[in-house]
Amino acid sequence: MRAVCPGSFDPITHGHVDIITRAAELFDEVIVAVGRNSAKNYLFDTDERVELAAAAVAGVAGVRVEVLSGLLVDFCRDRGAGVVVKGLRFASDFDFELQMAHINGSLTGLETVLLPASAKWGTLSSTMIREVASLGGDVSAFVPALVAQRIDEKKRDNSNG
Ligand code: ADP
C-alpha cells in the first residue's frame with residue numbers, strides 16, 4: 001500500500017523524519033507531500049522545502065518527495081495512495097487531525113493513520129524552529145544537517161545585508 005505524509009515542512013525536522021521513517025516501515029511506498037500554501041509566511045520557499053525534505057529522507061528506502069498543490073484527497077487519488085500518515089504530538093494535534101480525517105474520509109474514503117510522536121521529538125515543531133532560528137538560536141540538534149546549514153546561511157545573508 002502507498003501512503004502520503006503531508007505537511008508544510010518549513011523546515012523538515014527530526015520529528016518529521018521520525019514519522020516518515022516509521023511510515024516507510026509500515027507501508028510499501030511513502031510520498032512526502034510538501035504543501036504549497038500561499039497564505040502561509042514561509043521561512044523556506046517551496047523548492048527549498050522540497051530539496052531539504054528530499055535530502056533528509058534520501059537514506060530511507062521507498063520514500064519520495066513531491067509538491068502538494070490543491071486538495072490532499074485529489075493528490076492521493078491521482079497517485080493511488082489510500083492512506084495518509086500524520087504524527088500526533090499533543091491534544092491540539094488530535095483535535096485538528098480528527099477533523100481532517102473525517103472530512104477526507106467523507107470526500108473520497110481516504111484513510112488516516114495517526115502515529116504517536118516519538119518521546120524524543122514529541123513537542124518539536126517547525127514553528128519553534130523558525131522562532132528560535134529567527135532570534136539567532138542554534139537549532140542544529142533538532143533538524144537534519146543540511147537544514148541547519150541553510151538556516152546559518154540565511155542568518156549570514158541577513159546580517160550582511
Ligand atoms: P508543524 O506542525 O511542525 O508546522 P507540519 O505542518 O509540516 O509541521 O506537519 C506535518 C505533519 O508532521 C503533521 O502531521 C504533524 O503532526 C507532524 N509533525 C510535525 N512535527 C512532528 C514531531 N516533532 N513529531 C511527530 N510528528 C510531527
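Just follow the structure's listing: the first ligand is 1, and inside any ligand the first atom is 1. Index from 1, following the sequence.
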Taking only heavy atoms of Asp93 into account, list the atoms of ligand 1 that are under 4.0 Å away from them.
-> 16 (O)
For ligand 1, is there an N or O atom under 3.5 Å from any N or O atom of Arg89?
-> yes
Are any of the N or O atoms of Thr13 closer than 3.5 Å to those of ligand 1?
-> no
Report yes if Phe9 has an N/O atom closer than 3.5 Å to an N/O atom of ligand 1; otherwise report no.
-> yes
Per side-chain contact (heavy atoms from CB on, under 4.5 Å), Val34 is matched among Val50, Leu52, Ile12, Asp47 by Val50
Polar atom proximity, Ser126 to ligand 1 (N or O, under 3.5 Å) | yes
Are His102 and Glu97 close enough, and set up right, to give a side chain to side chain contact (heavy atoms under 4.5 Å, CB included), and what steps lead you there?
-> CA-CA 8 Å; His102 285 161; Glu97 295 302 343; over 6 Å; no
Contacts of Glu29 meeting side chain to side chain donor-acceptor pair (under 3.5 Å) (sequence neighbours excluded), chain-then-number -> Arg2, Arg64
Hydrophobic cluster membership, Val143 vs Val32, 4.5 Å side-chain cutoff | yes
Counting from 1 in the order shown, the ligand 1 atoms closer than 4.0 Å to a non-hydrogen atom of Gly15 are 22 (C), 23 (N), 24 (N), 25 (C)
Atom 14 (O) of ligand 1: which of Met100, Met128, Lys86, His14 has the nearest heavy atom?
-> Lys86
Are any of the N or O atoms of Leu124 closer than 3.5 Å to those of ligand 1?
-> yes
Within 4.0 Å of some non-hydrogen atom of Pro6, the atoms of ligand 1 are 10 (C), 11 (C)
Asp74 and Arg77 ion-paired at < 4.0 Å = yes
Residue pair Arg89, Ser125: steps toward the side chain to side chain contact (heavy atoms under 4.5 Å, CB included) verdict | CA-CA 9 Å; Arg89 290 162 295 188; Ser125 71; 3.3 Å; yes
Any N/O pair Gly87/ligand 1 closer than 3.5 Å = yes
Note: Arg22-Asp18 ion pair, threshold 4.0 Å (strictly below) | yes
Could you state the interatomic distance from NE2 (His16) to CD1 (Ile20), rounded to the nearest 0.5 Å?
-> 7.0 Å
Are any of the N or O atoms of Thr127 closer than 3.5 Å to those of ligand 1?
-> no
For Trp121, counting its heavy atoms only, list the atoms of ligand 1 lying under 4.0 Å from any of them.
-> 22 (C), 23 (N), 24 (N)
Give a yes/no verdict on a cation-pi contact between Arg150 and Phe44, requiring under 6.0 Å between NZ or CZ and the six-membered ring centre and an angle within 45° of the axis.
-> no
Short list, please: which atoms of ligand 1 are under 4.0 Å from a heavy atom of Gly7?
-> 7 (O), 10 (C)
Within the structure, does Ser125 bring an N/O atom to less than 3.5 angstrom of an N/O atom in ligand 1?
-> no
Output all residues satisfying salt bridge (charged side-chain N to carboxylate O under 4.0 Å, His left out) with Asp138, sequence neighbours left out; order by chain, then residue number.
-> none
Mark up the atoms of ligand 1 that fall under 4.0 Å of a heavy atom belonging to Glu97, in ascending order.
-> 14 (O)
